[in-house]
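What follows is a single structure, and I will ask about it in a moment.
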There are 2 protein chains.
Amino acid sequence: MKTLHSDPALPRATETEALLRFSALSQETRLRIVRLLVMAGQNGMPAGTIATQLGSSDSRLSFHLSHLEHAGLVHSRREGRSIIYSVVFPALAALSEFLIQDCCRGFEENVNEGCKSESCD
Amino acid sequence: MKTLHSDPALPRATETEALLRFSALSQETRLRIVRLLVMAGQNGMPAGTIATQLGSSDSRLSFHLSHLEHAGLVHSRREGRSIIYSVVFPALAALSEFLIQDCCRGFEENVNEGCKSESCD
DNA sequence: TCAACATTTCTTGAAATATTGAAATATAGC
DNA sequence: GCTATATTTCAATATTTCAAGAAATGTTGA
């Protein structure tokens with residue numbers, strides 16, 4: 001079984017990246033954008049559609065999308081007059097890796113029993 | 001193989017919890033506290049030791065520890081005159097679950113190829 | 001180039017969060 | 001009870017982040 005966080009080819013986020021990404025995800029609108037884009041998958045979604053679905057103003061949404069893009073969590077491409085946003089799955093994966101690796105890997109001798117028995121290996 | 005994010009007994013964090021926890025982790029000192037406590041494992045570490053190791057003032061550290069505890073990411077217990085802090089591994093696990101589940105589970109028909117081929121299953 | 005549409009940038013003010021240092025609280029040992 | 005140690009709380013200040021709307025920019029298709 002190949003899992004999201006155990007793929008050795010998938011680098012864990014650095015502390016700086018992790019900080020930037022956690023910060024980006026710690027805002028309600030931005031977290032919802034990410035969840036919306038995850039559901040939209042590789043097709044992505046135009047900025048205007050996202051704004052409509054979340055009931056946010058265009059300018060506010062643009063700000064949040066820039067924020068997410070700067071954090072490397074979403075990617076944009078132009079299609080006609082629309083700009084299509086989509087989530088960067090490897091970035092989410094690396095962030096998970098950052099948490100999980102610290103939780104369960106490399107510190108096996110120290111890890112608590114709850115984690116060891118319920119969640120690891 | 002039993003993995004951190006695929007254990008059905010391990011509930012995914014709610015959006016509110018996720019927001020609170022992402023927010024807690026998006027601050028340099030707090031992220032370092034969590035990493036330090038992960039390394040300390042179940043034994044945990046006294047507040048004073050954490051402050052010394054991170055070069056932070058006692059009062060500042062106390063504030064950040066309260067913040068992390070309120071977010072459910074760390075737990076405290078008294079031992080003599082020290083208060084020992086330790087990380088709540090299931091909380092980290094649930095947060096990872098929150099990201100990973102949204103990334104790869106429940107939306108298989110939409111998930112992008114990069115995620116599907118590199119990270120899922 | 002022009003008109004229409006989509007997105008971004010900028011400004012302002014409000015709200016949340018961080019830092020510092022001093023004072024307060026709690027425990028252990030004498 | 002008294003003192004030393006460990007940690008937390010509090011008040012004042014500084015910093016960061018957020019929201020809203022107007023104006024500016026960029027793109028398409030005629």
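Keep in mind that this is a model prediction, so the values were computed, not measured. All chains are named by letter (A, B, ...) in the order of the sequence lines, taking the proteins before the strands, and each is independently numbered beginning at 1.
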> Looking at CZ of A:R32 and CG of A:L25, how far apart are the two atoms once the value is rounded to the nearest 0.5 Å?
Replying inline: 14.0 Å
> Just how far, in rounded Å, is P of C:dA16 from CG of B:L20?
Replying inline: 15 Å
>> Using a 3.5 Å distance criterion without hydrogens, assess whether the side chain of A:S66 forms a donor-acceptor pair with backbone atoms of A:S62.
In response: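 Present.
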>> What residues from residues 53-65 of chain A pass a heavy-atom cutoff of under 4.0 Å to DNA chain D?
In response: A:S59, A:R60, A:H64
>> For a quick check under 3.5 Å, do A:E69 and A:S76 share a side-chain donor-acceptor pair by atom type?
In response: yes
> How many Å lie between OH on A:Y85 and C1' on C:dA6, as a whole number?
Replying inline: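 That distance rounds to 11 Å.
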>> With a 3.5 Å distance limit and no angle check, can you tell me whether B:R78 reaches the backbone of B:G80 through a side-chain donor-acceptor pair?
In response: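 The answer is yes, because a donor-acceptor pair under 3.5 Å joins these two groups.
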>> salt bridge (charged side-chain N to carboxylate O under 4.0 Å, His left out), that's the test. Do A:E28 and A:R30 meet it? Break it down for me.
In response: CA-CA 5 Å; A:E28 190 171 0; A:R30 287 196 294 268; over 6 Å; no
Dump the pairs, protein N or O against N or O of nucleotides 28-30 of chain C, anything under 3.5 Å, distances to one decimal.
| from | atom 1 | to | atom 2 | distance (Å) |
| --- | --- | --- | --- | --- |
| C:dA28 | O4' | B:R81 | NE | 3.2 |

> Counting distance only, does the side-chain N/O of A:R21 pair as donor-acceptor with the main-chain N or O of A:A71 below 3.5 Å?
Replying inline: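 Yes: the side chain of A:R21 pairs with the backbone of A:A71.
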> Taking atom C1' of C:dA16 as reference, at what distance in whole Å does atom NE2 of B:H67 sit?
Replying inline: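 Rounding to the nearest Å, NE2 of B:H67 and C1' of C:dA16 are 10 Å apart.
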> Is the shortest side-chain N/O distance from A:Q27 to OP1 or OP2 of C:dT17 below 4.0 Å?
Replying inline: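 Result: no.
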> Donor-acceptor pair, B:S23 side chain versus B:L19 backbone, under 3.5 Å?
Replying inline: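 Not confirmed, B:S23 side chain does not pair with B:L19 backbone.
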>> Taking any atom closer than 4.0 angstrom to a non-hydrogen atom of chain B, what span of DNA chain D does the protein reach, first nucleotide to last?
In response: D:dA4 to D:dT9
